[in-house]
There are 2 protein chains.
Amino acid sequence: MTSKADRVRQAVLADILSGAVAPGTPLDEVALAQQHDVSRTPVREALRALQGDGLLEVGPRRQLLVVDVSPERRREVTTLRVALEGAATAAACERRDEDDLDRLELLLLKQGRAAGAGDAETFLRLDEEFHLALAGAARMPTLSRMLEQLGAFVRLGRLGEATTTPHMHGLVGEHEELVSLLRSRRAARLRSALATHIEQTTPRG
Amino acid sequence: MTSKADRVRQAVLADILSGAVAPGTPLDEVALAQQHDVSRTPVREALRALQGDGLLEVGPRRQLLVVDVSPERRREVTTLRVALEGAATAAACERRDEDDLDRLELLLLKQGRAAGAGDAETFLRLDEEFHLALAGAARMPTLSRMLEQLGAFVRLGRLGEATTTPHMHGLVGEHEELVSLLRSRRAARLRSALATHIEQTTPRG
DNA sequence: AGTGACTCAAATGTATACATAAGTCCCTCG
DNA sequence: CGAGGGACTTATGTATACATTTGAGTCACT
């Protein structure tokens with residue numbers, strides 16, 4: 001059931017997150033409509049959805065501009081991730097579902113492989129997936145949704161940086177430690193380790 | 001500049017939060033369009049926006065249904081409020097802007113008046129405003145936005161309850177304590193007092 | 001020469017007509 | 001008599017035409 005509006009939304013989102021359209025760029029409805037060979041209607045819906053996610057903001061002339069993630073905003077996002085993922089893992093310790101642990105272990109394996117291959121792009125994708133899966137173990141859908149939205153800002157904030165991720169192996173080790181702490185239900189220790197991990201992986205955090 | 005889409009959105013939102021349209025009710029575009037004397041276009045935009053806020057969910061036949069806030073969801077929302085407002089007040093302790101404290105004091109006065117008059121409706125509105133102002137002192141716009149969205153769920157979850165708020169004076173006292181802790185920058189104490197306060201004011205939390 | 005208002009252009013906001021898909025009901029066939 | 005299929009109904013999805021608002025540019029007047 002992929003509507004045209006959905007396709008346009010995903011395409012524009014991909015362009016934003018990949019940096020193909022830089023922050024501050026105004027998005028024109030008719031241009032996007034022609035570009036994707038659809039009418040303005042689905043384009044409008046896509047833009048409103050992205051606006052709802054906070055990825056677009058109204059500028060002068062009512063233009064929709066791609067948001068610029070300021071350093072302050074990056075710090076805020078980091079703080080929010082610490083708070084939300086911390087709460088999630090605390091709740092996850094109460095449940096400790098085997099399926100979740102299995103999923104996390106699988107992701108750890110894949111991350112190790114990506115790190116070994118030096119595939120930074122894949123690693124970043126797996127890293128995001130890992131954090132979402134970790135928080136997902138809390139079975140708190142609203143929280144997961146918030147973290148997904150924050151993920152877009154994290155990616156946007158990383159755009160200006162070097163594409164190389166230096167210590168991938170070290171990060172995998174930290175992830176393994178997090179899973180271990182979840183398995184042994186050491187909630188307090190898990191929360192603090194997670195906070196340190198998140199703050200170290202988001203520069204200027 | 002209030003567009004028709006905005007007006008419809010606010011009207012439908014008000015109907016949802018007031019319980020005029022019960023959870024599970026399917027919203028029909030053409031019916032809403034006739035009801036508000038506009039075309040389907042602004043109605044669609046309004047519904048998509050509310051869907052983006054999580055207040056509508058797709059049911060069978062692709063209908064948009066007003067969400068039902070389950071007890072689990074209420075607990076989740078409470079957990080999220082504790083995490084987010086806790087993080088906000090911790091950050092606010094670092095800033096401690098006089099303007100924020102003034103605004104909070106003013107709200108405390110109004111709350112005391114509403115409590116004295118036994119005006120539960122006004123009190124609830126002021127309570128929500130107080131918590132948003134408290135968190136707003138952190139100057140973290142994304143966090144404030146999340147809390148605003150959560151506020152809708154809080155209100156929805158309260159719909160089935162008695163409209164009477166018994167210990168309004170007691171709640172004002174707790175609020176005063178929170179402001180006092182913010183003023184003296186006792187972050188840890190503030191966080192725990194806030195958590196207790198939030199959990200006690202949201203039943204089944 | 002500067003300021004203000006008027007006009008024009010280009011964008012978004014809105015309405016409506018059309019396309020399409022999904023569900024239901026009925027008819028037919030086994 | 002039951003099950004399956006097909007048309008009709010009714011919703012949403014999409015396109016397009018129209019309205020409106022806003023910004024810019026120019027011209028006139030002070």
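To find a chain, count down the sequence lines: A is the first, B the second, and so on, and within it residues start at 1.
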Worksheet item: Is the shortest distance from a Lys or Arg side-chain nitrogen in B:Arg183 or B:Glu105 to a carboxylate oxygen in the other one below 4.0 Å?
Response: yes

Discussion item. Does A:Val38 reach a base, just sugar-phosphate, or nothing at all? Heavy atoms under 4.0 Å.
Written reply: sugar-phosphate

Worksheet item: Over how many whole Å does the gap from B:Leu32 atom CG to C:dA15 atom P extend?
Response: 14 Å

Practice prompt. Could you tell me whether A:Glu29 contacts a base, only the sugar-phosphate backbone, or nothing, with contacts defined as non-hydrogen atoms closer than 4.0 Å?
Written response: sugar-phosphate

Discussion item. For A:Asp102, I'd like to know if atom CG has over 12 heavy atoms of other residues, nucleotides or ligands within 6.0 Å.
Written reply: yes

Discussion item. Is the shortest side-chain heavy-atom distance between B:Leu55 and B:Leu156 below 4.5 Å?
Written reply: yes

Worksheet item: Hey, does the side chain of B:Arg62 come within less than 4.0 Å of C:dA22's phosphate (OP1/OP2), counting only N and O?
Response: yes

Worksheet entry | Length of the line joining B:Glu45:CD and D:dT14:P, which is rounded to integer Å | 14 Å

Fill in: Polar contact flag, side-chain donor to acceptor under 3.5 angstrom, B:Arg191-B:Thr89
no

Worksheet item: Does B:Thr41 have a side-chain nitrogen or oxygen under 4.0 Å from the phosphate oxygens OP1 or OP2 of C:dT14?
Response: no

Worksheet entry | Plane angle bin for A:His175 and A:Phe130 - parallel if under 30°, tilted between 30 and 60°, otherwise perpendicular | parallel

Worksheet item: Roughly how many Å is it from CG in A:Leu64 to P in D:dT22, rounded to a whole number?
Response: 15 Å

Worksheet item: For the pair made of CG in B:Asp6 and P in C:dT12, what is the distance, rounded to whole Å?
Response: 16 Å

Fill in: Atom-to-atom span, CG of A:Leu56 to C1' of C:dT12 - whole angstrom
15 Å

Worksheet item: Taking OP1 and OP2 of D:dT20, is either one under 4.0 Å from a side-chain nitrogen or oxygen of B:Lys4?
Response: no

Discussion item. Check the phosphate of D:dG13 against B:Arg48, side-chain N and O only, distance under 4.0 Å to OP1 or OP2. Yes or no?
Written reply: yes

Worksheet item: Quick one: B:Asp37 CG to C:dT16 C1', roughly how many Å, whole number?
Response: 15 Å

Worksheet item: B:Gln51 has an atom CD; how far is it from atom C1' of D:dG13, in whole Å?
Response: 13 Å

Discussion item. In whole Å, I'd like the distance from the CZ atom of A:Arg44 to the C1' atom of C:dA11.
Written reply: 11 Å

Worksheet item: OP1 or OP2 of C:dT12 less than 4.0 angstrom from a side-chain nitrogen or oxygen of A:Arg40, does that happen here?
Response: no

